[in-house]
Amino acid sequence: MPDSVAAFFDMGGHGLYVWSSYFIALLIFAWNVVQPLRRRRQVVAEHRRRLTREATVREATVEEGSE
Amino acid sequence: MWNWFHRLGAPKSFYEISGYLVPLLGTLAALTLLTGVVWALAFVPADYQQGNTVRIMYIHVPSAIVAQSSYMMMAIAGIVFLIWRIKLADVALECAAPVGATLTLLALATGAIWGKPTWGTWWVWDARLTSTLVLLFLFLGVMALRSAMSGRESAGRASAMLAIVGLVNLPIIKYSVDWWFTLHQPSSLSLMKKPAMPPEMFIPLLVMVLGFYLFFFAIWMMRIRAEILEREQRTGWVRELLAGEHAR
């Protein structure tokens, strides 16, 4: 255990190296978590749009047929 | 066993089983990584030569190991796809590449940050570093090849072949520290040899490696699940599943 909070952040003068490494790791992990979630939302939204489009086309065809 | 293998190869079964596995793996990964990070930052003793910079090892070594493993798994998926034409293997290949690429990037970045205070330089063109950079380009190449080709089938086959050819690079990374004169130190982890460091430094390293593996598998599965929805969206089961999603 480090002696103090200040010593913990300072890391014997190498704080910038140590903390930036862990920070980059955090960024990369966050990107990896967010990306598949966004992709999933995108796929669901795309599918919903396709359904509405198909429904509109179907209605239009039915109306044309009834004339 | 064979039956089980086949069931898992079907997108629908994989989607169902992975629905339980992702939260489980994700939770385990979070707990393991949290433990490992606190251990590495606060409890591991400073190295007698490197001081506190040795804590960078707990990000650098696991990311390098899991990046190489993920390449191996990606190439195996490529082999499975080429031989048995299992669609899921193609999805697995596609989804492993971006995760592997970011882990390779992390290994390179932390390596540079660690290199500066210990070697006095961010980068040298030596065998270990260069072959790891090639690993990053292979991951990016597999991704680029897929997005550049229009037909899914041919894009899948081309990226599988590139992934398999790129396997040559893995032994080069592994043995580069023995074959060539290099600044990079020899392997920190080995299945055969006794660890080159005391247990109070070695055990947290194992914890971090485990955490990185769990994380990789959780993210890989999440990506595969989203991709299955996209590719199978015209099948009955995905329509039904998405209808439920829309209703919410």
Side-chain angles (χ1 to χ4, degrees), chain A, chain B residues 22 26 29-30 33 37 40-43 45-46 50-60 62-63 95 98-99 102-103 105-106 109-118 208 212 215-216 218-231 233-234 238-239 241-243 245-246 248:
Chain A
M1 272 295 258
D3 307 326
S4 68
V5 177
F8 180 60
F9 284 107
D10 183 55
M11 290 280 171
H14 286 124
L16 201 58
Y17 297 108
V18 176
W19 290 107
S20 62
S21 295
Y22 280 78
F23 180 67
I24 294 170
L26 184 71
L27 289 184
I28 282 183
F29 273 59
W31 184 86
N32 272 306
V33 172
V34 168
Q35 204 58 24
L37 293 174
R38 264 178 44 189
R39 174 83 175 128
R40 190 194 159 88
R41 262 210 308 279
Q42 199 185 325
V43 171
V44 173
E46 183 61 41
H47 186 262
R48 193 203 306 259
R49 268 199 296 280
R50 201 162 56 84
L51 285 187
T52 5
R53 208 162 47 228
E54 281 174 4
T56 331
V57 171
R58 219 173 307 133
E59 271 171 40
T61 341
V62 170
E63 273 172 31
E64 265 174 39
S66 62
E67 277 174 5
Chain B
V22 167
L33 287 169
V37 165
L41 283 174
F43 294 97
Q50 300 190 18
N52 282 294
T53 54
V54 78
R55 302 186 201 285
I56 299 172
M57 174 177 74
Y58 297 93
I59 302 290
H60 177 69
S63 59
C95 294
V99 193
T102 55
L103 289 176
L105 194 65
L106 181 57
T110 51
I113 294 170
W114 198 6
K116 189 61 187 166
T118 42
M208 285 302 277
F212 268 68
F215 180 77
F216 170 76
I219 299 296
W220 195 17
M221 276 189 187
M222 279 168 74
R223 278 184 175 271
I224 292 175
R225 284 166 62 78
E227 207 51 42
I228 286 177
L229 285 190
E230 148 80 16
R231 291 197 189 189
Q233 55 179 301
R234 283 164 202 280
V238 172
R239 276 167 185 270
L241 194 136
L242 288 178
E245 194 104 344
H246 298 325
R248 273 198 281 134

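A, B, ... follow the sequence lines: proteins, then strands. Residue 1 opens every chain.
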Mind checking the [atom1]-[atom2] spacing from [X] to [Y]? Nearest 0.5 Å is all I need.
{"X": "A/Tyr22", "Y": "B/Leu41", "atom1": "OH", "atom2": "CG", "value": "4.5 Å"}
{"X": "B/Ile113", "Y": "A/Phe23", "atom1": "CD1", "atom2": "CZ", "value": "11.0 Å"}
{"X": "B/Ile219", "Y": "A/Leu37", "atom1": "CD1", "atom2": "CG", "value": "7.5 Å"}
{"X": "A/His47", "Y": "B/Leu241", "atom1": "NE2", "atom2": "CG", "value": "9.5 Å"}
{"X": "B/Arg223", "Y": "A/Arg39", "atom1": "CZ", "atom2": "CZ", "value": "9.0 Å"}

Quick check: closest heavy atoms across [X] and [Y], and the distance to 0.1 Å?
{"X": "B/Ile59", "Y": "A/Ser21", "answer": "CG2-O, 4.5 Å"}
{"X": "A/Pro36", "Y": "B/Ala226", "answer": "O-CB, 4.1 Å"}
{"X": "A/Gly12", "Y": "B/Asn52", "answer": "N-ND2, 3.4 Å"}

(message) Check whether A/Tyr17 reaches the backbone of B/Ile56 with its side chain - one donor and one acceptor, N or O, closer than 3.5 Å.
(response)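 No.
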(request) Could you label the plane-to-plane angle of the A/Phe29 and B/Phe212 rings as parallel, tilted or perpendicular, counting under 30° as parallel and over 60° as perpendicular? (result) perpendicular
Heavy-atom proximity to chain B below 4.5 Å, by part of [X]:
{"X": "A/Leu27", "result": "neither"}
{"X": "A/Arg50", "result": "side chain"}
{"X": "A/Ile24", "result": "both"}

(message) For chain B, which candidate among A/His14, A/Gln35, A/Met11 shows the most heavy-atom pairs at distances under 4.5 Å?
(response)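 Of the candidates given, the most pairs with chain B belong to A/Met11.
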(message) Heavy-atom cut-off 4.5 Å, strictly under: side chain, backbone, both or neither for B/Leu33 against chain A?
(response)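 Just the side chain, heavy atoms under 4.5 Å.
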(request) Begin from the C-alpha positions of A/Val43 and B/Gln233 and carry the test side-chain contact (heavy atoms from CB on, under 4.5 Å) through to its verdict. (result) CA-CA 9 Å; A/Val43 171; B/Gln233 55 179 301; 5.5 Å; no
(request) Decide side-chain contact (heavy atoms from CB on, under 4.5 Å) for A/Asn32 and B/Phe216; before the verdict, give the C-alpha distance in whole Å, the side-chain angles of both, and the deciding distance to 0.1 Å. (result) CA-CA 9 Å; A/Asn32 272 306; B/Phe216 170 76; over 6 Å; no
